[in-house]
Amino acid sequence: MSNILMCWKCGASLADLPLPLARTAECPTSCCADLHVCRLCRFHDPKVANACSELMADPVLDKERANFCDYFQPRPGAYTPDAAEQVARARAALAALFGLMPDNGQTPATTAGDPARISLERLFNA
C-alpha cells in the first residue's frame with residue numbers, strides 16, 4: 001500500500017494539497033470529487049455500523065459528499081482502481097437477476113411474445 005494520498009474516486013495524486021484537507025477541498029483533476037469525505041477517511045469501514053470505525057463520530061448519510069466530521073483523517077489507500085469494474089459487474093448481475101437491460105437498468109429484457117408479459121398487458125390494458 002502506498003503512502004501517497006490519492007483521490008478516492010479517480011486516483012490522482014493529492015500530494016500538492018495542503019493538510020489538513022479543508023471541508024471544501026476538491027480533487028484538482030477533472031473528476032472534482034469532494035475530498036473531505038468518508039470514502040477518503042482512515043475510519044471508513046463498510047463492514048461496521050454506519051461504515052465508520054470511529055465510535056464517537058456522528059453518522060454521515062452520503063459517504064461520497066463533503067461533510068463536517070471532526071474525526072476525518074485522510075487515508076492513503078482509499079483509491080481502489082478495480083472498484084469501478086466491481087460496481088459494473090454487480091450492476092450487470094443485479095440487472096440480469098431482475099430481467100432488466102444492463103444499459104440503463106430500467107427497461108425489462110422481455111420480448112413481446114413472453115406469456116407472462118402478455119398476461120400482464122391484458123390485465124392492465126397496456
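We count residues from 1, following the sequence as given.
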Over all heavy atoms of both residues, which pair between [X] and [Y] is shortest? Give the atoms and the distance, please.
X     : Y     : answer
Phe72 : Val37 : CE1-O, 3.3 Å
Met56 : Glu54 : N-OE2, 3.0 Å
Leu21 : His36 : O-CD2, 3.7 Å
Phe43 : Tyr71 : CE1-O, 3.1 Å
Leu17 : Pro28 : CD1-CD, 4.4 Å
Val48 : Ser53 : CG2-N, 3.8 Å

Strictly by side-chain hydrogen bond (donor to acceptor under 3.5 Å, both in side chains), give each pair with a member in residues 8-34 just once, sequence neighbours left out.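 Applying side-chain hydrogen bond (donor to acceptor under 3.5 Å, both in side chains) to every pair that reaches into residues 8-34, excluding sequence neighbours, yields nothing.
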Show every side-chain hydrogen bond (donor to acceptor under 3.5 Å, both in side chains) that has at least one partner inside residues 57-66, sequence neighbours left out.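 Of all non-adjacent pairs touching residues 57-66, those that pass side-chain hydrogen bond (donor to acceptor under 3.5 Å, both in side chains) are Arg39-Glu64.
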Considering only heavy atoms from C-beta outward, does the side chain of Cys41 approach that of Cys69 to under 4.5 Å?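 Sidechains of Cys69 and Cys41: no contact.
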Answer whether the closest heavy-atom distance between the side chains of Asn67 and Cys38 falls below 4.5 Å.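 Contact flag for Asn67/Cys38 side chains = yes.
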To the nearest 0.5 Å, what is the distance between CG on Leu61 and CG on Asn50?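 Answer for the CG-CG pair, Leu61 versus Asn50, is 8.5 Å.
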Are there more than 12 heavy atoms of other residues, nucleotides or ligands under 6.0 Å from atom CG of Leu55?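 No - once you tally the heavy atoms of other residues, nucleotides and ligands closer than 6.0 Å, there are 12 at most.
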Residues in side-chain hydrogen bond (donor to acceptor under 3.5 Å, both in side chains) with Gln73, at least two apart?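 Result, side-chain hydrogen bond (donor to acceptor under 3.5 Å, both in side chains) vs Gln73: Arg42.
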